[in-house]
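In what follows, a structure is listed as structure tokens, so that the remarks can point back to it.
Both backbone and side-chain heavy atoms feed into the values below; hydrogens, waters and symmetry mates do not.
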Amino acid sequence: MNYEYGMTVFYDPVTKNVIVVFRGETTILEGPFQDLRTGITAGEKLCEELGWRSGIEETPDKSTD
């Protein structure tokens, strides 16, 4: 599963919340999510709803200079 460049999904085991950074926007999904897998799945679902397609790898343009 490929994340877009800059995309982050982080599960906090202390608060059981998920922090999602997607296309420059940070969102906190307040849990409690019972475990890492459940939390990450919720974060990825949010990104899909916002337009992410996991099969497409995107990287920033790089200069060849």
Side-chain angles (χ1 to χ4, degrees):
M1 183 172 299
N2 297 320
Y3 280 11
E4 289 183 13
Y5 179 78
M7 177 178 159
T8 303
V9 180
F10 175 77
Y11 174 73
D12 182 346
V14 175
T15 64
K16 299 188 184 279
N17 293 335
V18 174
I19 301 167
V20 178
V21 179
F22 184 70
R23 297 183 180 166
E25 297 291 324
T26 301
T27 304
I28 297 175
L29 301 177
E30 294 193 22
F33 294 96
Q34 69 187 65
D35 56 29
L36 175 92
R37 181 176 293 222
T38 305
I40 296 298
T41 299
E44 290 175 346
K45 183 177 182 219
L46 171 65
C47 292
E48 286 177 345
E49 291 170 359
L50 296 172
W52 171 60
R53 300 293 171 253
S54 65
I56 301 171
E57 185 173 346
E58 295 185 22
T59 55
D61 293 334
K62 294 183 181 177
S63 174
T64 57
D65 295 341

**Request:** Report the residues that fulfil side-chain hydrogen bond (donor to acceptor under 3.5 Å, both in side chains) with T38, sequence neighbours left out, ordered by chain and then residue number.
**Result:** D35
**Asked** Are Y11 and W52 linked, directly or through other ILVMFWY residues, by side chains that come within less than 4.5 angstrom of each other?
**Response** yes
**Message:** Count I, L, V, M, F, W, Y as connected when their side-chain heavy atoms are under 4.5 Å apart, and connections chain through other members. Are I40 and F33 then in the same cluster?
**Reply:** yes
**Other cluster members, V14 - Ile/Leu/Val/Met/Phe/Trp/Tyr, side-chain contacts below 4.5 Å** = none
**Complete:** For I19, the side-chain contact (heavy atoms from CB on, under 4.5 Å) test, sequence neighbours excluded, returns F10, T26, I28
**Complete:** The side-chain contact (heavy atoms from CB on, under 4.5 Å) partners of L46 (sequence neighbours excluded) come to V20, T27, L29, E49, L50
**Message:** Using the salt bridge (charged side-chain N to carboxylate O under 4.0 Å, His left out) criterion, which residues pair with K16? Sequence neighbours excluded.
**Reply:** none
**Prompt:** How far apart are the closest heavy atoms of C47 and M7, and which atoms are they?
**Reply:** SG-CE, 3.6 Å
**Request:** Supply the atom-to-atom distance L36 CG to D12 CG, rounded to the nearest 0.5 angstrom.
**Result:** 11.0 Å
